[in-house]
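No experiment lies behind these values; they were computed from the predicted model shown. In what follows, chains are A, B, ... by sequence order, proteins preceding strands, each numbered from 1.
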Amino acid sequence: MRLATWNVNSVRTRVDRVTAFLERSGVDVLAIQETKCRDDQFPHMPFEAIGYEVAHVGLNQWNGVAVISRVGIEDVQVGFEGMPSWSSKEGVDPAPEARAIGATCGGVRMWSLYVPNGRQLGDPHLAYKLEWLDALRENAAGWLAADPQAQIALTGDWNIAPEDGDVWDMAVFAHSTHVSPPERAAFAAVVEAGYADVVRPHTPGEYTYWDYTQLRFPRREGMRIDFALCSPALAARVTGAEIDRQERKGKGASDHAPVLVDLAD
DNA sequence: ATGGTAGAACGTCTA
């Protein structure tokens with residue numbers, strides 16, 4: 001079986017690329033982030049036409065996550081217990097955002113996660129990001145405690161570069177989010193809870209994201225911020241992984257590349 | 001030059 005995660009940066013703009021990727025790659029279960037649409041706007045038909053089912057949550061033009069599977073979608077869960085809320089405006093009550101959806105697909109508990117960006121050091125959005133990650137960690141630890149043999153994949157755009165080598169120049173990020181110690185600690189806490197980054201060993205030195213501006217992609221100035229963290233039972237099945245850099249090329253590319261994981265049967 | 005690009009309530013937020 002083949003899993004993948006991909007921040008598509010608008011599923012409506014990118015639907016032809018996403019379906020072509022599924023057909024070309026043979027991915028069975030794909031987690032996508034930043035669909036940027038409501039549920040009623042999601043283009044289900046192109047996916048159904050090639051044999052995939054979709055579980056999506058999208059509340060407005062921001063965020064939006066989905067699991068797309070051709071090996072079944074069961075027990076769909078939107079968000080997780082204690083997931084923090086957010087309000088972008090003063091005077092507007094905070095509400096949960098469309099940043100997490102889980103579903104069981106072919107025996108794997110697949111999560112599509114879009115971790116809050118954090119914006120800038122000192123921004124309330126960074127505190128929100130850290131609270132969101134802590135609540136995720138607490139849930140993920142609980143899932144594993146309830147069933148140590150569970151095959152769980154925490155995949156998505158984590159908006160964290162865990163190691164200095166995960167950005168092209170640490171000096172550029174000296175006063176930025178994504179590399180700060182609290183963010184890295186929050187990521188490490190999920191790993192310590194039992195979820196392994198199964199992709200890094202197969203893709204040393206590679207990035208998953210390149211900003212649209214400043215010619216970042218041709219200059220090979222990217223970041224590794226998209227991850228598939230797997231529970232022990234699932235990590236034991238991993239036979240390989242790759243980052244599909246080709247998908248970042250050409251007109252109409254997302255700013256993120258798909259991250260793929262191969263599993264033994 | 002406070003820049004650049006992209007995508008979403010088509011004006012402004014988000015990344």
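- In this structure, CH2 of A:Trp86 is placed 8 Å from P of B:dT14, rounded to the nearest angstrom.
- For A:Glu34, taking side-chain heavy atoms from C-beta onward, the closest of the listed nucleotides B:dA15, B:dA8, B:dA6 is B:dA15.
- A distance of about 16 Å separates the P atoms of B:dT12 and B:dG3, rounded to the whole Å.
- Annotation for A:Ile32 and A:Ser112: closest pair O-OG, 2.8 Å, computed over non-hydrogen atoms.
- Among the nucleotides B:dG4, B:dA15, B:dA8, the one closest to any side-chain atom of A:Gln61 is B:dA8.
- Contacts of A:Arg14 with the nucleic acid, taken as non-hydrogen atoms under 4.0 Å apart, involve only primed sugar atoms and P, OP1 or OP2.
- Rounded to an integer number of Å, the gap from OH of A:Tyr128 to P of B:dT14 is 12 Å.
- Note on ring orientation: taking the six-membered ring where Trp is involved, the planes of A:Tyr128 and A:Trp86 are parallel (angle under 30°, cut-offs 30° and 60°).
- If you take CD of A:Gln214 and C1' of B:dA15, they are 14 Å apart, rounded to a whole angstrom.
- Closest contact between the side chain of A:Arg12 and the listed nucleotides B:dA9, B:dT5, B:dA15 involves B:dA9.
- At least one cation-pi condition fails for A:Arg224 and A:Tyr207: the charged atom is not both under 6.0 angstrom from the six-membered ring centre and inside a 45 degree cone around its axis.
- The side chain of A:Ser88 lies closest to B:dT14 when the candidates are B:dT14, B:dA9, B:dG4.
- With salt bridges taken as basic N to acidic carboxylate O contacts below 4.0 Å, none links A:Asp134 and A:Lys129.
- Taking the charged nitrogens against the carboxylate oxygens, A:Glu34 and A:Arg14 have no contact shorter than 4.0 Å, which rules out a salt bridge.
- In this structure, A:His125 atom NE2 and B:dC13 atom C1' are separated by 11 Å, rounded to whole Å.
- Nucleic acid contact class of A:Gln41 (heavy atoms, under 4.0 Å, all strands): sugar-phosphate only.
- Electrostatic pairing of A:Arg2 and A:Asp262 counts as a salt bridge here, judged by a charged N lying under 4.0 Å from a carboxylate O.
- One can place CZ of A:Arg38 at 11 Å from C1' of B:dA8, the figure rounded to the nearest angstrom.
- When the shell of 6.0 Å around CD of A:Gln120 is examined, it contains 12 or fewer heavy atoms from other residues, nucleotides or ligands.
- Residues from residues 245-259 of chain A that place a heavy atom under 4.0 Å from any atom of DNA chain B: there are none.
- Mapped onto DNA chain B by nearest heavy atom, A:Ser10 and A:Asn159 fall at different nucleotides, with A:Ser10 at the one closer to the 5' end.
- A salt bridge is defined here as a Lys NZ or Arg NE, NH1 or NH2 lying under 4.0 Å from an Asp or Glu carboxylate O, and A:Glu247 with A:Arg24 meets this definition.
- The CD-C1' distance, from A:Glu97 to B:dA8, rounds to 14 Å in whole Å.
- Nearest to the side chain of A:Asn9, among B:dG4, B:dA15, B:dG7, sits B:dG7.
- Nucleotides B:dA9 and B:dA15, compared at atom P, are 16 Å apart to the nearest Å.
- Between the CG atom of A:Asn63 and the C1' atom of B:dA8 there is a distance of 11 Å, given to the nearest Å.
- Look at the P atom in both B:dA6 and B:dG11: the space between them is 22 Å, to the nearest Å.
- A straight line from CG of A:Asn117 to P of B:dA8 spans 18 Å, rounded to a whole angstrom.
- Within 4.0 Å (heavy atoms only), A:Tyr209 reaches no atom of the nucleic acid at all.
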